[in-house]
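Naming: A, B, ... by sequence-line order, numbering from 1 per chain.
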Protein chains: 2
Amino acid sequence: MATGRTHRPATRSRGIPEATVARLPLYLRALTALSERSVPTVSSEELAAAAGVNSAKLRKDFSYLGSYGTRGVGYDVEYLVYQISRELGLTQDWPVVIVGMGNLGAALAGYGGFASRGFRIAALIDADVQLTGRLIAGLPVRHADELEGIVEDNQVSIGVITTPAGAAQEVCDRLVAAGVTSILNFAPTVLTVPDGVDVRKVDLSIELQILAFHEQRKAGEELESSLTAPPVAAKAVRDGGRRPGPDGDVPAVMPA
Amino acid sequence: MATGRTHRPATRSRGIPEATVARLPLYLRALTALSERSVPTVSSEELAAAAGVNSAKLRKDFSYLGSYGTRGVGYDVEYLVYQISRELGLTQDWPVVIVGMGNLGAALAGYGGFASRGFRIAALIDADVQLTGRLIAGLPVRHADELEGIVEDNQVSIGVITTPAGAAQEVCDRLVAAGVTSILNFAPTVLTVPDGVDVRKVDLSIELQILAFHEQRKAGEELESSLTAPPVAAKAVRDGGRRPGPDGDVPAVMPA
DNA sequence: TAGATTGTTAATCGATTAACAATC
DNA sequence: TAGATTGTTAATCGATTAACAATC
């Protein structure tokens with residue numbers, strides 16, 4: 001009955017808001033870069049700029065974790081890297097399986113950002129026997145028949161689904177039945193999971209559609225301002241102007 | 001100076017909230033499936049279930065588009081498909097370029113969800129001369145030197161970046177200089193763009209880190225409840241219980 | 001002490017949700 | 001007319017932001 005939820009319900013883990021949790025990886029990435037350059041401390045202003053957020057938001061986010069900064073000085077880079085890593089659960093090892101070894105699965109298998117952050121690929125899985133045994137990113141592809149055994153033997157709790165849409169729900173069911181409780185879904189379909197299982201979804205086509213919406217709006221504004229206002233007004237419209245009248249394009253006719 | 005924004009500022013296009021825009025593609029997908037099964041009408045309850053949201057939210061979302069439903073009956077599937085497509089700008093053709101032809105770029109090039117939604121791949125681009133001319137998803141890879149010409153000749157306004165992180169900003173700059181005003185960034189780096197350019201970001205590792213956070217929390221709850229409460233209480237804790245005391249793990253020592 | 005910067009407050013804004021009058 | 005379902009209202013909730021007292 002439960003349909004795929006993007007994240008857990010209202011329960012805020014340890015009181016940390018979801019929006020903050022979603023930004024912690026951004027901060028961690030910026031801090032890791034500073035750490036590699038041996039920068040000892042960083043101010044909220046500098047770190048916020050590096051992470052692409054504003055500094056008030058960053059300080060508020062960090063306040064949920066504790067008081068890890070020093071007034072007048074800033075934040076100790078190494079210390080923050082550790083605290084955020086710990087908060088995100090990256091100080092432990094997370095075995096993951098990737099199911100579906102098309103181009104996308106292969107891209108994920110070869111993505112360096114996993115291993116460096118506590119994620120270990122326990123297995124690459126595909127239903128195609130032609131692929132079984134072939135090496136991808138140095139790992140042999142294993143057949144889907146082995147899925148349950150792999151999950152149980154490696155205590156895998158996180159599964160990544162990169163199969164075609166038609167196969168995703170069945171793969172999801174099998175992963176969950178075998179013990180997986182978190183799923184990252186790249187297949188363009190809504191997954192149904194039992195309570196207690198988290199699903200996050202990455203949808204390539206949806207992101208493009210959202211861009212198209214904004215792109216269309218920009219084009220509409222340009223057209224509009226070129227028709228109704230002198231050219232110099234174009235920027236003002238784009239920067240926050242409102243259309244003067246009510247929406248004018250509610251259709252009058254509804255097709256049979 | 002402007003750092004990469006995920007979406008435009010407070011200005012809500014035509015009054016449609018960002019959160020609603022982000023769900024329109026979900027509704028469209030569910031509606032397309034119904035359309036293929038020749039279902040003539042659908043209620044907000046049914047459609048919401050198919051899209052994985054609740055029906056109140058769906059009705060509120062649709063109310064921003066106009067009054068497209070019929071009380072007592074529901075929504076005309078074909079009509080809604082058309083209206084949402086139009087709202088998202090999918091009734092027009094959007095030429096896109098994909099820059100960076102690794103596995104991820106290849107996966108996107110072969111993704112069927114694009115062509116069916118008004119996106120047309122104008123070119124696949126890579127800096128590696130070894131790849132130039134090779135066919136990916138039936139299209140020849142073109143060299144990065146041609147980027148500006150391709151964007152201008154095809155009036156490309158949407159660019160997809162699937163290069164390594166180190167190359168992303170330069171590619172972004174060149175795309176923008178050539179006329180691209182919307183960017184979908186898969187490289188794990190914050191892009192800086194001038195005002196008026198939209199950036200959306202898809203970050204594979206960030207999604208996994210968010211899952212790890214919740215996964216860790218589940219494990220912590222199980223441990224906690226097994227230590228402090230009879231086993232039967234575990235579900236209650238997971239379903240919304242709060243830890244009784246304040247956070248107990250604020251560290252006492254800060255390293256030099 | 002003077003300057004810098006955090007951590008927190010309070011105001012504002014946007015999103016979600018339940019409930020129900022309107023109406024097919 | 002009776003039943004079904006939309007579209008909208010109003011309450012609630014969560015996220016953002018500016019400002020500044022606390023404090024290094």
Side-chain angles (χ1 to χ4, degrees), chain A residues 3 5-24 26-27 39-49 51-77 79-80 83 240 246-247 250 254 256, chain B residues 3 5-24 26-27 39-49 51-77 79-80 83 240 242 247 250 254 256:
Chain A
T3 43
R5 281 181 280 101
T6 300
H7 29 242
R8 314 204 94 214
T11 318
R12 295 183 313 182
S13 11
R14 298 188 184 187
I16 302 184
E18 268 301 312
T20 296
V21 172
R23 282 188 293 266
L24 291 180
L26 292 177
Y27 302 142
V39 176
T41 59
V42 66
S43 70
S44 63
E45 202 67 54
E46 293 165 328
L47 184 55
V53 303
N54 80 41
S55 65
K57 194 186 283 182
L58 177 141
R59 288 198 300 278
K60 188 98 172 97
D61 284 341
F62 285 0
S63 77
Y64 294 112
L65 309 184
S67 294
Y68 293 160
T70 305
R71 289 166 139 104
V73 177
Y75 299 90
D76 182 286
V77 170
Y79 186 62
L80 250 193
Q83 289 298 345
D247 281 350
V250 175
M254 183 161 160
Chain B
T3 42
R5 281 180 281 100
T6 300
H7 30 241
R8 313 204 93 213
T11 318
R12 295 183 313 181
S13 13
R14 298 188 182 187
I16 302 184
E18 269 302 312
T20 296
V21 172
R23 281 188 294 266
L24 291 181
L26 293 177
Y27 302 142
V39 176
T41 60
V42 66
S43 71
S44 62
E45 202 68 55
E46 292 164 329
L47 184 54
V53 304
N54 80 41
S55 65
K57 194 187 283 182
L58 177 142
R59 288 198 301 279
K60 188 96 172 103
D61 284 341
F62 285 0
S63 77
Y64 293 113
L65 309 183
S67 294
Y68 293 160
T70 306
R71 291 165 137 105
V73 177
Y75 299 91
D76 182 286
V77 170
Y79 186 61
L80 250 193
Q83 288 298 346
R242 280 295 169 76
D247 281 350
V250 174
M254 181 160 161

Minimum heavy-atom distance [X]-[Y], with the two atoms named:
{"X": "A:Y64", "Y": "A:G15", "value": "CD2-O, 3.8 Å"}
{"X": "B:A48", "Y": "B:N54", "value": "CB-C, 3.7 Å"}
{"X": "B:S44", "Y": "B:S55", "value": "O-CB, 3.8 Å"}

Rounded distance (Å) that lies between atom [atom2] of [N] and atom [atom1] of [X]:
{"X": "B:L47", "N": "D:dG7", "atom1": "CG", "atom2": "P", "result": "12 Å"}
{"X": "B:E18", "N": "C:dT16", "atom1": "CD", "atom2": "P", "result": "12 Å"}
{"X": "A:D61", "N": "D:dA15", "atom1": "CG", "atom2": "C1'", "result": "10 Å"}
{"X": "B:R59", "N": "D:dT5", "atom1": "CZ", "atom2": "P", "result": "11 Å"}
{"X": "B:K60", "N": "D:dA11", "atom1": "NZ", "atom2": "C1'", "result": "12 Å"}
{"X": "A:Y64", "N": "D:dG14", "atom1": "OH", "atom2": "P", "result": "11 Å"}
{"X": "A:L80", "N": "C:dT6", "atom1": "CG", "atom2": "P", "result": "10 Å"}
{"X": "A:E45", "N": "C:dG3", "atom1": "CD", "atom2": "P", "result": "19 Å"}

Original post:
Under the criterion side-chain contact (heavy atoms from CB on, under 4.5 Å), which of B:D61, B:T20, B:L80 is the partner of B:Y27?
Top reply: B:D61
Original post:
Looking at A:Y79 versus A:Y68, is the centre-to-centre ring distance below 6.0 Å?
Top reply: yes
**OP:** Choose from C:dA15, D:dG7, D:dT17 the nucleotide whose nearest atom is closest to any side-chain atom of A:N54.
**Re:** D:dT17
Original post:
Considering only side-chain heavy atoms of B:S43, which listed nucleotide, D:dC24, C:dA15, D:dT6, is closest?
Top reply: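 When the side chain of B:S43 is considered, D:dT6 is the closest of D:dC24, C:dA15, D:dT6.
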**OP:** Return the 5'-most residue of the pair A:K57, B:V42 with respect to DNA chain D, ranking by each residue's nearest nucleotide.
**Re:**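 It is B:V42, whose closest nucleotide lies nearer the 5' terminus.
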Original post:
Where each residue is assigned the nucleotide of DNA chain D containing its nearest heavy atom, which of A:A19 and A:G72 is assigned the position nearer the 5′ end?
Top reply: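 The 5'-side residue here is A:A19.
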Original post:
Where does DNA chain D form stems of at least three consecutive Watson-Crick or G-U wobble pairs, each pair having both distances below 3.5 Å?
Top reply: C:3-24 with D:3-24
Between [X] and [N], is there a contact of a side-chain N or O with OP1 or OP2 at under 4.0 Å?
{"X": "B:R23", "N": "C:dT16", "answer": "yes"}
{"X": "A:S44", "N": "C:dT6", "answer": "yes"}
{"X": "A:Y75", "N": "C:dG7", "answer": "yes"}

Original post:
When only distance counts, do a donor and an acceptor, one from the side chain of B:R71 and one from the base of C:dT23, lie under 3.5 Å apart?
Top reply: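 Checked by distance alone, the answer is no.
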Original post:
Which sits closer to the 5' end of DNA chain C, A:S63 or A:V73, going by the nucleotide each is nearest to?
Top reply: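 Of the two residues, A:V73 wins.
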Under 4.5 Å between any side-chain heavy atoms of [X] and [Y], yes or no?
{"X": "A:T70", "Y": "A:T41", "value": "no"}
{"X": "B:Y75", "Y": "B:R59", "value": "yes"}
{"X": "B:Q83", "Y": "B:L65", "value": "no"}

**OP:** Under 4.0 Å between any heavy atoms, over every strand shown, what does B:A56 touch: base, sugar-phosphate, or nothing? Just pick one.
**Re:**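 Touches a base.
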